[in-house]
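Data first, discussion second: the structure below is written as structure tokens.
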Amino acid sequence: MLRGELVGLRARHEADAPILEAELHDDLVTTSRSDWRPWRPVSPGAQASRYRVAEPSDNAASFSVVDLADDTLVGDAGLGNIDAHGRSAYLGLVLRPACRGKGFGTDIVRVLCGYAFTVLGLHSVHLGTLDDNHAMIKAAERAGFTKEAQLRKAAWVMGGFSDAVLFGMLADEWTAT
């Protein structure tokens, strides 16, 4: 398990999937705001579920997030589009509704960066979010990310286009934080 101050990132357990599917995937608005792909219904335990237990992959590292204080499942986080040649990846996370606003986001971002830079030896980590996702923007900034771009009307969300922002961090910036 990877440990931060508040959270632990561990392999997905079978018992995590139904909770994450029900509270995150089945919430159409949350999924539409946190995934660049269009929402589609997924049956519990289906192969298509992004929360199912899966074998490790060279291009993605998915984790269940737990509260270290009581081992409660907090959400889902990971690195995707891991590029071993370019030594880069994209960071993402989503929290269960009851776990939002408790400072977990910044800790998750920091833990994932530590994993990316010290374990995987990546050179850069990026994250994208909607420009009105103030919690994610604050988490990125607190962890030391730099805003690199604003993409105008780049994301289709619930019937309209929204602006997106991209953040990045380089390995030598992580060492400095």
Side-chain angles (χ1 to χ4, degrees), residues 2 4-9 12 19-21 23-40 42 49-51 57 59-67 73-83 86-117 120 122-171 173-174 177:
L2 303 174
E5 293 179 19
L6 302 173
V7 299
L9 278 59
R12 178 93 63 237
I19 297 166
L20 297 174
E21 288 168 352
E23 292 190 31
L24 300 178
H25 179 77
D26 289 349
D27 178 348
L28 177 60
V29 174
T30 295
T31 299
S32 295
R33 292 180 54 78
S34 65
D35 195 334
W36 297 105
R37 299 166 293 188
W39 184 89
R40 300 222 188 329
V42 175
S49 171
R50 68 189 254 187
Y51 301 115
S57 162
N59 64 354
S62 297
F63 300 93
S64 285
V65 182
V66 295
D67 183 340
L73 181 64
V74 170
D76 171 65
L79 298 174
N81 297 327
I82 299 172
D83 177 353
R87 295 178 49 208
S88 65
Y90 283 84
L91 180 153
L93 66 97
V94 60
L95 299 174
R96 295 173 63 195
C99 300
R100 295 175 188 154
K102 298 182 178 184
F104 293 132
T106 301
D107 201 34
I108 294 167
V109 171
R110 288 179 177 143
V111 173
L112 283 172
C113 285
Y115 175 71
F117 296 129
L120 299 181
L122 298 183
H123 173 69
S124 62
V125 174
H126 305 277
L127 68 87
T129 191
L130 299 177
D131 74 337
D132 66 350
N133 186 347
H134 304 293
M136 187 68 227
I137 291 169
K138 285 181 185 176
E141 291 171 344
R142 286 181 187 137
F145 277 76
T146 299
K147 182 177 176 182
E148 295 183 340
Q150 175 117 6
L151 304 175
R152 297 177 304 141
K153 307 293 182 196
W156 180 255
V157 180
M158 300 301 296
F161 285 100
S162 295
D163 287 1
V165 289
L166 298 177
F167 289 85
M169 181 186 290
L170 302 176
E173 295 168 337
W174 172 253
T177 60

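FYI, side chains are in, hydrogens and waters are out, and symmetry mates aren't considered; it's all heavy atoms of this structure. Small disclaimer: the values here were computed from a predicted structure and weren't measured.
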ask   = Can you check whether V111 reaches V65 side chain to side chain, under 4.5 Å on heavy atoms?
value = no
Looking only at heavy atoms, which two atoms of [X] and [Y] are closest? And how far apart?
X	Y	answer
L93	G105	CD2-O, 4.0 Å
F117	V125	CZ-CG2, 3.6 Å
A155	L130	CB-CD2, 3.6 Å
L122	S88	CD2-N, 3.9 Å
C99	L73	SG-O, 4.0 Å
G103	L6	O-CD1, 3.5 Å

Once side chain to side chain donor-acceptor pair (under 3.5 Å) is applied, do any residues pair with [X], and if so which ones, sequence neighbours excluded?
X	answer
S62	none
D83	none
D107	none
T129	N133

request  = Go through the steps for H126 and L166 under the test side-chain contact (heavy atoms from CB on, under 4.5 Å), then give the verdict.
outcome  = CA-CA 7 Å; H126 305 277; L166 298 177; over 6 Å; no
request  = Begin from the C-alpha positions of L127 and M136 and carry the test side-chain contact (heavy atoms from CB on, under 4.5 Å) through to its verdict.
outcome  = CA-CA 9 Å; L127 68 87; M136 187 68 227; 3.8 Å; yes
request  = Dump the intermediate steps for side-chain contact (heavy atoms from CB on, under 4.5 Å) on S49 and L20, then the final yes or no.
outcome  = CA-CA 10 Å; S49 171; L20 297 174; over 6 Å; no
key: salt bridge (Lys or Arg N to Asp or Glu O under 4.0 Å) pairs, two or more places apart, involving residues 152-166   = none
Salt bridge (Lys or Arg N to Asp or Glu O under 4.0 Å) pairs, two or more places apart, involving residues 89-99 = E23-R96
task = For W156, check ring pair (Phe, Tyr, Trp, His ring centres under 6.0 Å) against everything at least two apart and list the hits.
result = F161
key: Qualifying side chain to side chain donor-acceptor pair (under 3.5 Å) pairs with a residue from residues 26-38, counting only residues at least two apart or across chains   = D27-T30, R33-D132, D35-R37, D35-R50
note = Across all chains, not counting sequence neighbours, the side-chain contact (heavy atoms from CB on, under 4.5 Å) partners of Y115 are L2, A61, F63, L79, V119, L120
inquiry  = Closer than 3.5 angstrom, by distance alone: can the side chain of H25 be matched with the main-chain N or O of W39 as a donor-acceptor pair?
reply    = no
R110: partners by salt bridge (Lys or Arg N to Asp or Glu O under 4.0 Å), with sequence neighbours left out = none
Which pairs of donor and acceptor atoms, one on a side chain in residues 138-149, lie under 3.5 Å apart (sequence neighbours left out)?
from	atom 1	to	atom 2	distance (Å)
K147	NZ	Q150	OE1	2.9

remark   = Rounding to 0.5 Å, atoms CD (E21) and OH (Y51) come to a distance of 9.0 Å
